[in-house]
Amino acid sequence: NQDTIINELDALADEKGISMNSLNFTVSSDDDFGNVLNISANFSSTYENLLGFLQKIENADRLFKVNSLNVQLSTTTEAVFNLNLEAYYQ
(Lines give C-alpha, C1' and ligand atoms only; values in the text may rest on other atoms or scores of the structure.)
Protein backbone atom coordinates (compact mmCIF):
# COMPACT_ATOMS: atom_id res chain seq x y z
CA ASN A 1 0.00 0.00 0.00
CA GLN A 2 0.97 3.66 -0.13
CA ASP A 3 2.32 3.82 3.44
CA THR A 4 4.66 0.89 2.79
CA ILE A 5 6.02 2.47 -0.38
CA ILE A 6 6.60 5.85 1.30
CA ASN A 7 8.37 4.10 4.19
CA GLU A 8 10.53 2.12 1.72
CA LEU A 9 11.52 5.29 -0.12
CA ASP A 10 12.28 7.07 3.16
CA ALA A 11 14.42 4.12 4.33
CA LEU A 12 16.40 4.16 1.05
CA ALA A 13 17.00 7.90 1.51
CA ASP A 14 18.07 7.41 5.15
CA GLU A 15 20.56 4.69 4.12
CA LYS A 16 22.33 7.22 1.90
CA GLY A 17 22.17 10.13 4.37
CA ILE A 18 19.54 12.04 2.40
CA SER A 19 17.02 14.37 4.07
CA MET A 20 13.48 14.27 2.70
CA ASN A 21 12.09 17.81 2.77
CA SER A 22 8.64 17.16 1.31
CA LEU A 23 6.66 14.46 -0.43
CA ASN A 24 3.37 14.45 -2.33
CA PHE A 25 1.66 11.54 -4.01
CA THR A 26 -1.37 10.52 -6.03
CA VAL A 27 -2.70 7.07 -6.86
CA SER A 28 -3.60 5.83 -10.33
CA SER A 29 -3.73 2.50 -12.12
CA ASP A 30 -1.91 0.92 -15.05
CA ASP A 31 -3.30 -1.91 -17.18
CA ASP A 32 0.07 -3.68 -17.25
CA PHE A 33 1.41 -3.07 -13.73
CA GLY A 34 -1.62 -2.59 -11.46
CA ASN A 35 -1.72 0.29 -9.01
CA VAL A 36 0.67 3.19 -9.44
CA LEU A 37 1.79 5.61 -6.76
CA ASN A 38 2.93 8.86 -8.43
CA ILE A 39 5.44 10.52 -6.10
CA SER A 40 6.90 14.00 -6.14
CA ALA A 41 9.61 14.46 -3.51
CA ASN A 42 12.12 17.11 -2.53
CA PHE A 43 15.41 16.04 -0.91
CA SER A 44 18.65 17.60 0.35
CA SER A 45 21.96 15.81 0.04
CA THR A 46 25.42 15.78 -1.43
CA TYR A 47 25.68 14.92 -5.10
CA GLU A 48 27.51 11.67 -4.24
CA ASN A 49 24.72 10.58 -1.88
CA LEU A 50 22.16 11.41 -4.57
CA LEU A 51 23.90 9.04 -6.98
CA GLY A 52 23.93 6.32 -4.33
CA PHE A 53 20.24 6.89 -3.65
CA LEU A 54 19.40 6.55 -7.34
CA GLN A 55 21.33 3.27 -7.42
CA LYS A 56 19.32 2.05 -4.42
CA ILE A 57 16.08 2.90 -6.27
CA GLU A 58 17.33 1.12 -9.37
CA ASN A 59 18.20 -2.04 -7.41
CA ALA A 60 15.17 -2.03 -5.08
CA ASP A 61 12.89 -5.06 -4.91
CA ARG A 62 9.94 -2.83 -5.83
CA LEU A 63 9.63 -1.44 -9.35
CA PHE A 64 10.29 2.31 -9.37
CA LYS A 65 10.29 4.43 -12.52
CA VAL A 66 12.04 7.80 -12.33
CA ASN A 67 10.23 10.28 -14.59
CA SER A 68 12.29 13.36 -13.85
CA LEU A 69 15.08 14.65 -11.65
CA ASN A 70 15.99 18.30 -11.11
CA VAL A 71 19.13 19.21 -9.17
CA GLN A 72 20.08 22.60 -7.75
CA LEU A 73 23.37 23.16 -5.97
CA SER A 74 22.71 25.04 -2.75
CA THR A 75 26.38 25.13 -1.63
CA THR A 76 29.59 23.71 -3.05
CA THR A 77 28.82 20.33 -1.44
CA GLU A 78 25.04 20.29 -0.86
CA ALA A 79 22.30 19.90 -3.45
CA VAL A 80 18.53 20.12 -3.37
CA PHE A 81 16.75 17.86 -5.79
CA ASN A 82 13.20 17.26 -6.92
CA LEU A 83 12.37 13.74 -7.95
CA ASN A 84 9.23 12.59 -9.73
CA LEU A 85 8.78 8.85 -9.84
CA GLU A 86 6.23 6.08 -10.00
CA ALA A 87 6.06 3.06 -7.70
CA TYR A 88 4.02 0.02 -8.68
CA TYR A 89 2.07 -2.25 -6.36
CA GLN A 90 -0.81 -4.74 -6.39
For [X] against [Y], the heavy-atom pair lying closest together:
X     : Y     : value
Gly17 : Ser45 : O-OG, 4.5 Å
Val66 : Leu85 : CA-CB, 3.9 Å
Val71 : Leu69 : CG2-CG, 4.1 Å
Ala13 : Phe53 : N-CE1, 3.5 Å

Find the distance between [atom1] ([X]) and [atom2] ([Y]) and round it off to the nearest 0.5 Å.
X     : Y     : atom1 : atom2 : result
Leu37 : Thr26 : CG    : OG1   : 7.0 Å
Leu50 : Phe81 : CG    : CZ    : 4.5 Å
Phe25 : Ile5  : CZ    : CD1   : 9.5 Å
Gln2  : Ile39 : CD    : CD1   : 10.0 Å
Thr46 : Leu73 : OG1   : CG    : 11.0 Å
Lys56 : Ile18 : NZ    : CD1   : 11.0 Å

Any luck finding a side-chain donor-acceptor pair between [X] and [Y] under 3.5 Å?
X     : Y     : answer
Ser28 : Asn38 : yes
Asn84 : Ser68 : yes
Asn21 : Ser44 : yes
Asn42 : Asn82 : yes
Ser29 : Asn35 : no

Is the side chain of Arg62 donor-acceptor paired with the backbone N or O of Tyr88 at a distance under 3.5 Å, no angle test? yes

Asn7 side chain to Asp3 backbone, donor-acceptor under 3.5 Å: yes

Mind checking whether Leu83 and Asn67 have side chains closer than 4.5 Å, heavy atoms only? no

Worked verdict on Leu23 versus Leu9 for side chain to side chain contact (heavy atoms under 4.5 Å, CB included): CA-CA 10 Å; Leu23 185 135; Leu9 192 62; 4.1 Å; yes

Leu63 with Ile57, same ILVMFWY side-chain cluster at under 4.5 Å: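 Not linked; separate clusters.
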
Verdict with reasoning, Tyr89 to Val27, per side chain to side chain contact (heavy atoms under 4.5 Å, CB included): CA-CA 10 Å; Tyr89 65 101; Val27 178; 3.5 Å; yes

